[in-house]
A.B. asks: 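This is the structure, below, for whatever I ask next.
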Amino acid sequence: MSENLKIIEIEVLRYHPESDREPHLEVYKVPFTDDMSVLQGAQYIKDNFDGSLTFRWSCRMAICGSCGMMINGIPKLSCETFLRDYHPNRIRIEALAHFPIEKDLVVDLSGFIEKLESIQPYIIPKEPRSLEQGEYLQSPQQFNDYIQFTSCINCTLCYAACPQFGLNPDFIGPAAIALLHRYNMDSRDGAAEERMELVASEEGVFNCSAVGYCSVVCPKHVDPANAVNINKTNAAKDYFLRFLSPKGGSK
Amino acid sequence: MKSGLKRSNAPIFWGLFGAGGMFSALFGPMLVFITGIAVPLGLMLPANTMSYAKMMAFAQNIIGKGFILAVIALFLWFAAHRIFHSLHEIGIHAGVGAKLLCYGSAFIATVISAVVLLSLGF
Amino acid sequence: MEIFKADVVIVGGGGAGLRAAIAVAESDPSLKIALVSKVYPMRSHTVAAEGGAAGVKKPTDSFEYHFHDTVGGGDWLCEQDVVEYFVRQAPIELTQLEHWGCPWSRTEDGHVNVRAFGGMKIERTWFAADKSGFHILHTLFQTSIKYPSIKRFDEHFCVDLVEEDGRCQGVVAIEMSTGEFSLIEAKSVIIATGGAGRVFRESTLGGIVTGDGMALAYRHGVALRDMEFVQYHPTCMPVTGLLFTEACRGEGGYLVNKDGYRYLQDYGLGPLQDKPKNKYMELGPRDRLSQAFFFEQQKGRTIEHPTLGSVVHLDLRHLGEAYLRERLPLIYEMAETFMGIDPAKEPIPVRPGVHYTMGGIKTDGQCAASLKGLYAIGECSSVGIHGANRLGSNSLTELLVFGKVAGVEAARNAKTAAPGNSANLLKQAQAVEQRVMALKTKSSGTERISVIRKEMAQTMEDGCGIYRVEKTMQATCDKLAELRERFKNINIDDKSSVWNTDWLTAIELDYQLDVAMAMAHSAINRKESRGAHQRLDGFEQRDDVNFLKHSEAYYVAGSAPRIALGDVKITTSQPAARVYGAAGEKADQERKASHV
Amino acid sequence: MSKRRPYVRSMDGWWKKNPYFIEYMIHESTALFVAAYAFILLVGLVRLGQGEAAWSGWLDALKSPLSLTCHVVFLVAILYHTYTWFKIMPITMPPIIVGGKRVGPEVITGSGLLAALVASLVLLGLVWRLAL
Ligand SMILES: Cc1cc2nc3c(=O)[nH]c(=O)nc-3n(C[C@H](O)[C@H](O)[C@H](O)COP(=O)(O)OP(=O)(O)OC[C@H]3O[C@@H](n4cnc5c(N)ncnc54)[C@H](O)[C@@H]3O)c2cc1C
Ligand code: SF4
Ligand code: F3S
Ligand code: FES
């Protein structure tokens, strides 16, 4: 560690439901080194100034998806955002937008989790296979069809980025639809039709107006906007096919 | 899977929106240039480009009818859909009213265009 | 207090806990399962595992090879019958995961691919790029959603077990969003709370890896086994301790000192190899590589970095950007974002960091602990496959193989065992609530949690590092005793109920101190060098006469743990010299010759 | 009794809070100009149906400075619509694989813009031919 520590001002949106009527900002002066992340800045505050500052974190390596915050108004993973990039200006951290604030930087994710659960995020085999038969084979192309959509870490930055979710919390939203698409595109899965009911529902893809910011903020290059919009086309096809053939399209 | 999901009827509007968006992106600028700038100013194009005779001929031709209807109706369906969404986005939740106003106008315009085009004969 | 009646409760939603939950659900859909986790399951630290999971795959490989690699890698402190079962089940479980959708990396012809890993004779590490743990965890979590009998208690913090007539009958947990307590009754309790490496300084481990489950079982009289064996991973990011996976070396990375010299050839891992060769050079086992770093540092041959301290270089440049982006995308990004280094152009500074706790809650081969109805799996457990040193990629497989075993066993037990007396259990739970609440409401001392935590980490690093001597280990034991006292005088800034992480951190610290004591006392008691436990004070050799034994630490309230020695199960592999590189190959041939 | 009291923030003025959203609103608002233009054409069509005099009146109105100004504005706005429409296109389309590699977003946007250029020239050419 170098001797001459620099100081950065961190402005934190604080909210304690038991004592605050509404959120308010507080400023802390935090000494930092160039390798310190915004998360470490928050930890510094908790360790040294106020143990009641509340936020989620774990892995510190941008993979567990816990530490998302609004950093100067942009949803980011605080563990891979560095204080040095903001110094000497003040940095403001707030709970992820569009979610209810539970306390300080912690938001209520229960709605998001319900959405994840609702999309049937598991393989419903097209052809059953026993363990003795070994693995399913997947060509490089079949693999490429879905692999991008498997890399979502459920950080919900895309929800904090999507105004349509902010306006309508029932919207299934980018990450959950990306995961749904991941299973639909997997050659081992055969349940795309079952999942269509949700895709095409009022909570489904047509809430999206192609703002596209979800994909801009996604730290894992999942491109959820793409998943959502491809499924609009799929849902529209399904909608019209319904009229053409009794079998085509779901219910 | 949640039960009691209601199927969205957005595909109809979304389809028209998409078609109109694409149509206006491809042809919009040039159309504006021709009808709103070049012809009135007599730039580039022959002076009689939009004369009554030529336009009647165009509007009586089946392809011409189709093109005119597509331009007016699709442009309006596209715009109606976006405007309706934008109203919602800036916090005007007029709900059914806004919906009726936006899509209703597009619908009426479509009907008027169709009626006029039909009345012009073939 | 909320009361929930389950048949099986699982504490921990990492790879091990989720696999167990699915196993219970599949073995009997009528059983009610409660899955308790202090973070949303997909945030569990399994998510951070990069390299992959071991299981025999190639036709040139065999269960015997995997067995010998594991037992030798563990310096013969493994339960060999358990290892035998483990290696046979490994490929089945990994295939099962494929059927559930895990995107294992594949060969051109569509089969699952395997890569080389340290201490493994044949390539047998199944991998999903360098996000293997991430994909395993998300696959398991998503698959678990299919089973309606699994009721999750996400962001619920488990604070104690309840027992009756010598049987474990449930757990007490705090709902983090409200601060309220619940009692979850169950006939079988599975602990799957992961490792305890956070008792050390910044390491490869996430903030949640605090040894909670170990401490819970320990306080209920269950032994913590082999706690002195703490794995240092040789290639960690300096300061933060973040991991650069062993796969970096499996894919062909070099380790070089300040002279650009591949120093591992001086430590019994040579001769030099150009291409990665199993069990040679960079593909030696982790303990050996971390130890080599220590000696390089002693000899002044490490690179002294102004801000990062002593480091060596992990050189990936010769692999080329395209290959690195395909095989090690996460590593590439991490080097770029966290260190501002382009690994295709510059070598990466690395040093050893704490990575894995080999020891844990002692169980038999069926994952049952000594307390009836209690099971333990995953990194918090010691089922006996890692011995004195875990081989990389064995532990992800362990989660699956023993997660399933524990699930099946817990289900079986739940169907036969009688439920506890609810009134009695509630009384216990209320006592737990009072005790845990008092920690918060009565706290008004002068000690800061963060200060005690830092001192604990520092003393563990000093006394229980890569090399150990009696004097510093004793100092660590004394320091931990002092911290235990000082802990009584902590202050918790936050006295509120909703999402009180200040309070939860204090509870974790309490657990950590217990676990740290078990580690330090087990270490000082082991007067030999074996695997990850290396001494420099006259006990440099392995001593099979006195110490081919497991250490077992027993909790003693208010004082140091009692350390006992337990037998090691040997079936077919007699302890031999643990050699790698050319010497290892020679030993292998001799062993084969003596078998025919 | 739970002490939770989740705080829901207002969405008011969300679109002013981030340059990305401001741009989004601007490109969404091009729809107003498309609508206005289509409305003018609709009036023209109705006038056409009413006979030659009505039609000429409409044509004359197009020559007014107000109309010309409006059309210049429409032109700019609709050009911007064209640009953003194709800019968004990559996220709305399934991946296109050519020669084993995924076609990049710039290529898709570029092709779209090229298509618009071609369409415009073809339209101009056709109008020219019809007018002769
Ligand atoms: C960076 C890194 C890379 C690794 N790479 C590899 C590799 O390539 N191959 C390999 O085989 N192994 C690897 N490992 C090791 C392996 O990943 C871990 O040993 C394994 O994932 C542990 O899994 P687990 O299920 O036991 O625990 P975890 O995944 O840590 O899960 C613990 C769970 O317990 C819960 N929990 C803990 N305490 C409580 C409490 N008090 N109340 C309620 N819930 C609680 C947590 O919420 C969490 O859900 C790696 C480890 C690290 C750190
Ligand atoms: S899609 Fe991207 S931004 Fe959204 S949750 Fe997943 S990783 Fe995060
Ligand atoms: S930001 Fe939202 S509106 Fe659609 S493209 Fe992304 S989901
Ligand atoms: S702490 Fe895990 S993603 Fe940031």
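Lettering of chains follows the sequences in order, A, B, ..., and the numbering in each one begins at 1. Remember, predicted model here, so these are calculated numbers, not experimental data.
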A.B. asks: Using only heavy-atom distances, determine whether the side chains of K46(A) and T501(C) contain a donor-acceptor pair under 3.5 Å.
C.D. replies: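 Side-chain D/A pair, K46(A) to T501(C): present.
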A.B. asks: Which answer fits W104(C), side chain, backbone, both or neither, if we ask what part of it has an atom under 4.5 Å from a heavy atom of chain A?
C.D. replies: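 The answer is the backbone of W104(C).
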A.B. asks: So with a 6.0 Å cut-off around CD of Q133(A), is the heavy-atom count from everything else above 12?
C.D. replies: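 Enclosed: over 12 neighbouring heavy atoms sit under 6.0 Å from CD of Q133(A).
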A.B. asks: Using non-hydrogen atoms only, which part of L109(A) is less than 4.5 Å away from chain C: side chain, backbone, both, or neither?
C.D. replies: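 Contact with chain C: backbone and side chain both.
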A.B. asks: Might you work through the side-chain contact (heavy atoms from CB on, under 4.5 Å) test for T150(A) and H138(C), ending with a clear yes or no?
C.D. replies: CA-CA 9 Å; T150(A) 63; H138(C) 281 248; over 6 Å; no
A.B. asks: Regarding E155(C) and R56(A), does a basic nitrogen lie under 4.0 Å from an acidic carboxylate oxygen?
C.D. replies: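 Between R56(A) and E155(C) there is a salt bridge, with a charged N closer than 4.0 Å to a carboxylate O.
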A.B. asks: Quick check on E93(C) against chain A: is it the side chain, the backbone, both or neither that has a heavy atom closer than 4.5 Å?
C.D. replies: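 For E93(C), no heavy atom lies under 4.5 Å from chain A.
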A.B. asks: Looking at D493(C) and D50(A), what are the two nearest heavy atoms and their distance?
C.D. replies: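 Smallest interatomic distance, heavy atoms only, reads OD2-C, 3.7 Å.
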A.B. asks: Measure L53(A) against the heavy atoms of chain C and call it side chain, backbone, both or neither at under 4.5 Å.
C.D. replies: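 For L53(A), backbone heavy atoms alone lie under 4.5 Å from chain C.
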A.B. asks: Contact part of F338(C) toward chain A, heavy-atom cut-off under 4.5 Å: side chain, backbone, both or neither?
C.D. replies: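 F338(C) touches chain A through backbone and side-chain heavy atoms alike.
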A.B. asks: Specify which of G101(C), G206(C), S44(C), G241(C) makes the most heavy-atom pairs with chain A at under 4.5 Å.
C.D. replies: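 So the answer, after comparing G101(C), G206(C), S44(C), G241(C), is G101(C).
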A.B. asks: Give the member of R453(C), R448(C), H45(C) that has the highest number of heavy-atom pairs under 4.5 Å with chain A.
C.D. replies: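 Most heavy-atom pairs under 4.5 Å with chain A: R448(C).
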A.B. asks: Pick whichever of I492(C), D109(C), I208(C) has the most heavy-atom pairs under 4.5 Å with chain A.
C.D. replies: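 Heavy-atom pair counts peak at I208(C).
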A.B. asks: Given heavy-atom pairs under 4.5 angstrom as the criterion, report whether the side chain, backbone, both or neither of M334(C) touches chain A.
C.D. replies: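 Interface part for M334(C): side chain.
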A.B. asks: Side chain, backbone, both or neither: which part of R129(A) has a heavy atom under 4.5 Å from chain C?
C.D. replies: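 Both backbone and side chain.
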A.B. asks: Given a strict heavy-atom distance threshold of 4.5 Å, which part of S37(A) is in contact with chain C: side chain, backbone, both, or neither?
C.D. replies: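 The answer is neither part of S37(A).
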A.B. asks: With side chain to side chain donor-acceptor pair (under 3.5 Å) as the test, would you mind laying out the steps for K103(A) and S496(C) before giving the verdict?
C.D. replies: CA-CA 11 Å; K103(A) 179 173 178 177; S496(C) 71; 3.0 Å; yes
A.B. asks: Please classify the contact of R106(C) with chain A as side chain, backbone, both or neither, using a heavy-atom distance under 4.5 Å.
C.D. replies: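 When you check distances to chain A, only side chain atoms of R106(C) fall under 4.5 Å.
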A.B. asks: Rounded to the nearest 0.5 Å, what separates atom OG in S151(A) from atom NE2 in H135(C)?
C.D. replies: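 So the gap between those two atoms works out to 6.5 Å.
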A.B. asks: Tell me, out of I449(C), T240(C), N491(C), V39(C), who's got the most heavy-atom pairs with chain A below 4.5 Å.
C.D. replies: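 Winner by heavy-atom pair count: T240(C).
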A.B. asks: What part of I147(A) gets within 4.5 angstrom of chain C, counting heavy atoms only: side chain, backbone, both, or neither?
C.D. replies: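 Interface part for I147(A): side chain.
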A.B. asks: Heavy-atom pairs under 4.5 Å with chain A are the metric here; pick the option from A129(C), G110(C), G309(C), G133(C) that has the most.
C.D. replies: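 Ranked by heavy-atom pairs under 4.5 Å with chain A, first place is G110(C).
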A.B. asks: Given that the side chain runs from C-beta out, which part of T210(C) has a heavy atom under 4.5 Å from chain A: side chain, backbone, both or neither?
C.D. replies: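 Contact with chain A: none, neither part.
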A.B. asks: Between Y136(A) and chain C, which part of the residue has a heavy atom less than 4.5 Å away: side chain, backbone, both or neither?
C.D. replies: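 Answer is both: backbone and side chain atoms of Y136(A) are under 4.5 Å from chain C.
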A.B. asks: Which region of K454(C), side chain (C-beta onward) or backbone (N, CA, C, O), has a non-hydrogen atom less than 4.5 Å from a non-hydrogen atom of chain A, or is it both or neither?
C.D. replies: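 For K454(C), the side chain is the part near chain A, not the backbone.
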A.B. asks: Where on W499(C) is there a heavy atom nearer than 4.5 Å to chain A: the side chain, the backbone, both, or neither?
C.D. replies: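 Both parts, backbone and side chain.
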A.B. asks: For K57(C), which atoms come within 4.5 Å of any heavy atom of chain A: side chain, backbone, both, or neither?
C.D. replies: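 Contact with chain A is through the side chain of K57(C) alone.
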A.B. asks: Can you see which heavy atom on S110(A) is nearest to which on Y40(C), and at what distance?
C.D. replies: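 Scanning both residues, the minimum pair turns out to be N-OH, 3.9 Å.
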A.B. asks: In terms of heavy-atom proximity below 4.5 Å to chain A, should T204(C) be classed as side chain, backbone, both, or neither?
C.D. replies: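 Interface part for T204(C): backbone (N, CA, C, O).
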A.B. asks: So what's closer than 4.5 Å to chain C heavy atoms on S187(A): side chain, backbone, both or neither?
C.D. replies: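 Interface part for S187(A): neither.
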A.B. asks: Checking side-chain contact (heavy atoms from CB on, under 4.5 Å) for the pair T307(C)/T33(A): CA distance, chi angles, key distance, verdict?
C.D. replies: CA-CA 10 Å; T307(C) 53; T33(A) 49; over 6 Å; no
A.B. asks: Looking at H16(A) and D494(C), what are the two nearest heavy atoms and their distance?
C.D. replies: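 Shortest heavy-atom contact: CE1-OD2, 4.2 Å.
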A.B. asks: Could you tell me whether the side chain of E135(A) reaches within less than 4.5 Å of the side chain of L94(C), counting heavy atoms only?
C.D. replies: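 L94(C) vs E135(A): side chains apart.
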A.B. asks: Examine whether an atom of Q138(A) lies under 4.5 Å from a heavy atom of chain C, and if so say whether it belongs to the side chain, the backbone or both; otherwise answer neither.
C.D. replies: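 Its backbone and side chain both get close to chain C.
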A.B. asks: For R43(C) versus I153(A), what's the shortest heavy-atom pair and its separation?
C.D. replies: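 Of all heavy-atom pairs spanning R43(C) and I153(A), the closest is NH1-O, 3.2 Å.
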A.B. asks: When you look at L330(C) and K220(A), which way does the side-chain contact (heavy atoms from CB on, under 4.5 Å) test go after all the steps?
C.D. replies: CA-CA 10 Å; L330(C) 182 71; K220(A) 295 290 153 189; 4.2 Å; yes
A.B. asks: Could you report the tightest heavy-atom contact between L116(A) and F141(C), atom names first, then the distance?
C.D. replies: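 In terms of heavy atoms, the two residues are closest at CD1-CE2, 4.3 Å.
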A.B. asks: Using the side chain to side chain donor-acceptor pair (under 3.5 Å) rule, pick out the option among K146(C), R152(C), Q142(C) that qualifies with E117(A).
C.D. replies: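 When side chain to side chain donor-acceptor pair (under 3.5 Å) is applied between E117(A) and each of K146(C), R152(C), Q142(C), only R152(C) qualifies.
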